[in-house]
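Being a predicted model, the structure only gives us computed values, none of them experimental. We name chains A, B, ... by the order of the sequence lines, and we start the count at 1 in each one.
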Amino acid sequence: MVPDIARLKRRSEFLRVAGTRRKWVAPGLILQVRRHGAGNAARREEPALRVGFTVSRKVGNAVARNRARRRLRAAVEQVMPVQAKEGHDFVVIGRQATLKRPFAALVSDLRTALKRLDASRDEIAPAAPDNPAPRAR
RNA sequence: UCAGACGGUCGGAUGGCCGCCUUCCGGGUGCCGCAAGGUCCGGGGGGAGGAAAGUCCGGGCUCCACGGAAACACGGUGCCGGGUAACGCCCGGCGGGGGCGACCCCAGGGAAAGUGCCACAGAAAGCAAACCGCCCGCCGAAGCUUCGGCGAAGGCGGGUAAGGGUGAAAGGGUGCGGUAAGAGCGCACCGCGUCCCCGGUGACGGGGGCGGCACGGCAAACCCCACCGGGAGCAAGACCAAAUAGGGACGGUGCGCCGGGGUUUCCCCGGCAGGCGGGUUUUCGCGCCGCCGUCCGGGUCGGUCGCGCGAGGUGUCCGGCAACGGGCGUCCCAGAUGACUGGCCCUCCCCCGCUUCGGCGGGGACAGAACCCGGCUUACAGGCCGUCUGACACA
RNA sequence: CGGAGCGUGGCGCAGUCUGGUAGCGCACUACACUGGGGGUGUAGGGGUCGUAGGUUCAAAUCCUAUCGCUCCGA
């Protein structure tokens, strides 16, 4: 099955992910990872995958920051449901290169970052990216 | 045709695939829920701006304060008339300045209410005064002499402000007359002050009389005058409401000693003993103290509302020079909350670079709603429309 | 959302309130002392006062707008 992706919302959640110091720097993005209580049956309500986005003012003005976050979100929606290991929290950080980098390169940046951080898994649905998961029409 | 002035307007176009937020309709009773509803499936509608920006003003709305109100302090505004819910905004005028012109710019009340400042230079910087000068009178070494005197330089006394010089600014300006030299001393014009008349709602303008000039500049120096302003802000504010700790009430149960009190099976107060806590330990002093259950109130995380029909958009007619106002018709048009409005692609349109003129490559101005509205200010690729001015050419 | 402060030589700061001369320390350059370095001394260079308008005879200073940075409260 494809797990639902929830959003990290609180500052404390972001800090907890950053506190693990596990990160991978790619040209188009930076990825931080933290394993949360996946094996713990008591926290079953927590979604298996949670993602947060960070785009600081260094990237540019409000329009540039919005655009960087939207491109990162689009890449995450394409890659994460099928390739990310369950039971992890992710923080995706935007850089200035996020704006200009071709979208395909951005996606491969995310894939290699997942592998490097040992948070990747085999694709469940080997179908085309534009037709992911059982949500077909 | 070229150069220019002003006003308005648009803010790449079209389509495909996959998503997101919101709203409406239908389905379904699989899951959650007593229910309303949520979730799920299908379909329809809507989904950033002219500045959404900066947060410089004005309001609505909400809470707080306050007997009505006024005054002081503080802050703001500052020619006149109008528009507006209101404004520091807008429109139309007035005055001043700039431009051949269309047109543009101006914090533009008061300096005879008072205080203060005007560096350097200069004699003198605000009250009149006089450095070099000019002129008159007296004295007068040299010199001249018809022997009476005359008299350069200089001295003393007085008149004057034309000229020189300093300065941003030197006590009306120019011209003529006048005078020993000069001076509004007199006259003409201009300026200034004041009074009257006329036009205008008014700022103000025009005309006439009088005054011979007194009244330098700075109020974006203090200040005076007139007018305006209660404070805070949607994280305002309202409602629902976990877990834990603490508060209160009730019930059950328990209650080491002494003293006091009361409404006397019990409750309250004080002391001792006991337990717990941290301060290294003892002494010591400090803080807290029965257990279980139910309920109540306040309230944090969280959630719901506020939160999208409005000083609304648009078309047309009428009034008004205009800002704007009124009538009628028509439309419903973003509501997120770690926050949607997106990702990829085809064709066309612009811009830039290269070019073998066939094309190839790159790019799409400034910029992202957060309670709402009216303004102001600032940023902005390129395009379109209208009115007007000057020059040249042609007819 | 509300409020406060700061932009001055390469660096860190005075001067701004009360308008007329932009000054201090370190750094820099040259020379001297030393065999050389360090150090000391002497002399010297260097500033659109964030930007743009305005007031004034005159603006770093006063007024308005704007840009950037820092901080505080909810």
Mate of [N] where both pairing distances stay under 3.5 Å, Watson-Crick or G-U:
| N | answer |
| --- | --- |
| U56(C) | none |
| C71(C) | G3(C) |
| G7(B) | C385(B) |
| G167(B) | none |
| A391(B) | U1(B) |
| G92(B) | C80(B) |
| A113(B) | none |
| C24(C) | G12(C) |

What distance separates I30(A) CD1 from R95(A) CZ, expressed to the nearest 0.5 Å?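 Answer rounded to 0.5 Å: 5.0 Å.
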
Quick check for you: to the nearest 0.5 Å, what is the distance between M80(A) atom CE and R50(A) atom CZ?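 Interatomic distance, M80(A) CE to R50(A) CZ, rounded to 0.5 Å: 13.0 Å.
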
Measuring only the [atom1] atom in each nucleotide, how far is [N] from [M]? A whole number of Å is fine.
| N | M | atom1 | value |
| --- | --- | --- | --- |
| G208(B) | A71(B) | P | 48 Å |
| G76(B) | A65(C) | P | 12 Å |
| G109(B) | A226(B) | C1' | 9 Å |
| C90(B) | C190(B) | P | 40 Å |
| G28(B) | C348(B) | C1' | 47 Å |
| G163(B) | C210(B) | P | 31 Å |
| U330(B) | G16(B) | P | 34 Å |
| G8(B) | C18(B) | P | 46 Å |

Just label [N] as syn or anti from its O4'-C1'-N9-C4 or O4'-C1'-N1-C2 angle, using within 90° of 0 for syn.
| N | value |
| --- | --- |
| G148(B) | syn |
| A48(B) | syn |
| G50(B) | syn |
| C333(B) | syn |

[X] [atom1] - [N] [atom2] separation (whole Å):
| X | N | atom1 | atom2 | value |
| --- | --- | --- | --- | --- |
| N66(A) | A336(B) | CG | C1' | 12 Å |
| F103(A) | C18(B) | CZ | C1' | 11 Å |
| F53(A) | U337(B) | CZ | P | 16 Å |
| N61(A) | A365(B) | CG | P | 12 Å |
| F90(A) | G338(B) | CZ | C1' | 18 Å |
| L99(A) | G362(B) | CG | P | 18 Å |
| Q78(A) | G343(B) | CD | P | 13 Å |
| R69(A) | C20(B) | CZ | C1' | 12 Å |

Side-chain H-bond candidate by donor/acceptor type, R111(A) with Q83(A), under 3.5 Å: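 Note: R111(A) and Q83(A) side chains meet the donor-acceptor criterion.
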
Please confirm whether the shortest side-chain N or O distance from [X] to OP1 or OP2 of [N] is below 4.0 Å.
| X | N | answer |
| --- | --- | --- |
| R73(A) | U341(B) | yes |
| R70(A) | G368(B) | no |
| R67(A) | G343(B) | yes |

Please work out if R65(A) contacts a base, only the sugar-phosphate, or nothing of the nucleic acid, heavy-atom cut-off 4.0 Å.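 No contact at all - R65(A) keeps every heavy atom at 4.0 Å or more from the nucleic acid.
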
Just so I know, are the side chains of R16(A) and R34(A) near enough to count as touching, which here means a heavy-atom distance under 4.5 Å?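 Side-chain contact under 4.5 Å: yes.
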
State, with a plain yes or no, whether a side-chain heavy atom of F90(A) is found less than 4.5 Å away from one of L8(A).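 The answer is no; the side chains never approach within 4.5 Å.
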
Minimum heavy-atom distance between [X] and [Y], given as atom pair plus value:
| X | Y | result |
| --- | --- | --- |
| R65(A) | G60(A) | NH1-O, 3.0 Å |
| V92(A) | V51(A) | CG2-CG1, 4.1 Å |
| A97(A) | P27(A) | CB-O, 3.4 Å |

Identify which nucleotide among C69(C), G343(B), G368(B) has an atom closest to any side-chain atom of V63(A), counting heavy atoms from C-beta outward.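 Per side-chain heavy atoms of V63(A), the pick is G368(B).
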
Residue whose closest nucleotide on RNA chain B lies nearer the 5' end, A62(A) versus V51(A):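 The answer here is V51(A).
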
